[in-house]
Amino acid sequence: MQPITAVIPNRDGADLLPTTLPPLLRELPVPPHEVLVVDDASEDDSVALLGRDFPDVRVIALPENVGFGAACNCGFEEAAHEQVLLLNSDMQVTAGSIEVLQQHFADSDLFAAGPRYAVPGEPEGPVDDGEGLVRPQLGSPAGGGLFSRTKFLELGGFDPLYYPFYWEDLDLGWNAWRRGWRIIRDARACFVHLQGATIKRLYSRAYIDRIRTRNRCVFGWKNLRSSRLLVRHSAAILRRALGDLFRRGAPGAVLGLVVALPLLPRALGARRAVPPGLTDAEIMQRAGSTSWRLFSI
């Protein structure tokens, strides 16, 4: 294998790291590889645990919380190798999966390669969902996947507009496709998602609903060039927000529409800064996606 830097953004993951780091270090022994944890101002003993139990792991301890995207960007900037494995602290690699993903980087147009995600107890071998073991993917595999560091940094990494979380992975993938770069998902590789509750542990459901809706709006304003697609995207957001309000009395999504408006000038400024490339229709065609998939996220 070519040398790889594994970048793990971590926030209060001291209970998960002792489970996820050992299989990673077996797959990517240090040296020649590098394992880098960017600790996003954890309030648990993550940093102390890493220094005590994982001396081969390089740790960047951020003094204040910067959010998922900025923590990842810091890791990519500090990475020593061209190929970077981005991995959530609750994601466990399986034997041979990283090598399967790396084989795709013989293609110079590849931006990222992601595995199939499984939950504990599911089979870890190849699973064909009817769309083929290897297929294009619209969003970047931010939960766990292998990236080209050069291309990631050329795109500017994850956009801070999406702070603190959600939709930055689709935004990055969309802009990679716009450049003509590809993202693939290879179901012959499998990572096990041990726990998907980090955000839910730290934030209320109302706050999560608000941020998710706000960032859906930001994504559309920044990225969708087709007026027809933007109208459909906006209508889907409004339907979802009103549905949450009237079906379960949850106003978070509606409030997300309100807090999105101050970000409109920044989103339009970011839109103007993106170089021309593939059209929206060409992006979805090449990524094997459709508008209903985009609106269902």
Side-chain angles (χ1 to χ4, degrees), residues 9 11-12 40 65-73 88-91 117 119 137-144 157-175 177-178 193 195-271 274 280 283-284 287 289-297:
R11 175 84 187 276
D12 294 342
D40 193 14
N65 174 250
V66 298
F68 172 80
C72 293
N73 292 349
N88 282 358
S89 59
D90 61 356
M91 197 73 75
Y117 299 147
V119 299
Q137 175 175 298
L138 183 60
S140 61
F158 291 115
D159 192 330
L161 268 173
Y162 297 93
Y163 174 86
F165 46 70
Y166 287 147
W167 282 79
E168 63 274 281
D169 53 346
L170 185 61
D171 174 87
L172 183 66
W174 189 272
N175 282 285
W177 281 104
R178 190 177 294 285
H193 198 187
Q195 178 180 322
T198 302
I199 290 175
K200 293 178 182 178
R201 284 189 302 173
L202 298 172
Y203 302 97
S204 69
R205 181 167 183 176
Y207 180 79
I208 293 170
D209 287 346
R210 185 162 73 250
I211 295 301
R212 182 185 283 118
T213 300
R214 183 201 72 183
N215 287 352
R216 281 193 179 102
C217 295
V218 169
F219 174 85
W221 295 334
K222 176 185 173 184
N223 292 300
L224 298 181
R225 305 295 199 263
S226 162
S227 57
R228 181 181 63 85
L229 197 59
L230 181 58
V231 167
R232 292 182 63 190
H233 182 69
S234 301
I237 295 172
L238 183 59
R239 282 197 305 272
R240 189 185 298 235
L242 293 177
D244 283 353
L245 180 63
F246 292 115
R247 280 197 302 270
R248 57 184 179 90
V254 172
L255 292 174
L257 300 174
V258 176
V259 298
L261 289 175
L263 294 179
L264 177 59
R266 290 177 60 193
L268 294 179
R271 177 194 186 98
V274 174
D280 295 349
I283 290 170
M284 290 194 291
S289 188
T290 58
S291 59
W292 70 263
R293 280 183 174 169
L294 179 62
F295 302 149
S296 67
I297 297 173

Please identify each residue that fulfils salt bridge (Lys or Arg N to Asp or Glu O under 4.0 Å) with Arg248, with sequence neighbours left out. Asp209, Asp244
Donor-acceptor pairs under 3.5 angstrom involving side-chain atoms of residues 253-263: please list them, not counting sequence neighbours.
none

Non-hydrogen side-chain atoms of Leu242 and Arg247 separated by less than 4.5 Å: no
Taking only residues two or more places apart in sequence, or in another chain, which ones meet Trp174 in a ring-ring contact (aromatic ring centres under 6.0 Å, His included)? Phe219
So do the side chains of Lys222 and Arg266 get within less than 4.5 Å of each other, counting heavy atoms only? no
Taking all atoms of both residues into account, what is the closest heavy-atom pair of Cys217 and Ile237, and its distance? N-CD1, 3.8 Å
Is Arg225 close to Arg178 at the side-chain level, that is, under 4.5 Å between some pair of heavy atoms? yes
Non-hydrogen atoms of Tyr162 and Asn223 that approach each other most closely: OH-ND2, 3.7 Å
Using side-chain contact (heavy atoms from CB on, under 4.5 Å), reason through Asn65 and Arg11 one step at a time and then give a plain yes or no. CA-CA 9 Å; Asn65 174 250; Arg11 175 84 187 276; 3.2 Å; yes
OG (Ser140) and CG (Leu170) are apart, to the nearest 0.5 Å, by 8.0 Å
Hits for ring-ring contact (aromatic ring centres under 6.0 Å, His included) against Phe158, two or more places apart or cross-chain, chain-then-number order -> Phe68, Phe152
Mark yes or no for whether Asp40, through its side chain, and Ala71, through its backbone, hold a donor-acceptor pair below 3.5 Å. no
Are side-chain heavy atoms of Asp159 and Leu172 found at a separation under 4.5 Å? no
Check for a donor-acceptor pair, side chain of Trp177 on one end and backbone N or O of Gln137 on the other, with a separation under 3.5 Å. yes
I'd like to check Tyr166 versus Ile208 (side-chain heavy atoms, cut-off strictly below 4.5 Å). Are they in contact? yes
Verify, without hydrogens or angle tests, whether His193 (side chain) and Gly143 (backbone) share a donor-acceptor contact under 3.5 angstrom. no
So which atom in Arg216 and which in His233 form the shortest heavy-atom distance, rounded to 0.1 Å? O-NE2, 2.9 Å
Arg271 side-chain N/O to Leu224 backbone N/O, donor-acceptor pair under 3.5 Å: yes
Those residues that, when tested against Ala70, pass side-chain contact (heavy atoms from CB on, under 4.5 Å) (two or more places apart): Val66
Measuring from atom CH2 of Trp167 to atom CZ of Phe165, what distance do you get when rounded to the nearest 0.5 angstrom? 14.5 Å
Between Ser289 and Leu138, what is the shortest heavy-atom contact and its length? OG-CD2, 3.8 Å
Taking all non-hydrogen atoms of both residues, which atom of Ala142 and which atom of Asn88 are closest, and how far apart? O-OD1, 3.7 Å
Set of side-chain contact (heavy atoms from CB on, under 4.5 Å) partners for Tyr117, sequence neighbours left out: Met91, Pro115, Pro141, Phe191
Counting distance only, does the side-chain N/O of Ser226 pair as donor-acceptor with the main-chain N or O of Asp280 below 3.5 Å? no
Working to the nearest 0.5 angstrom, can you tell me the gap between Arg210 CZ and Tyr203 OH? 11.5 Å
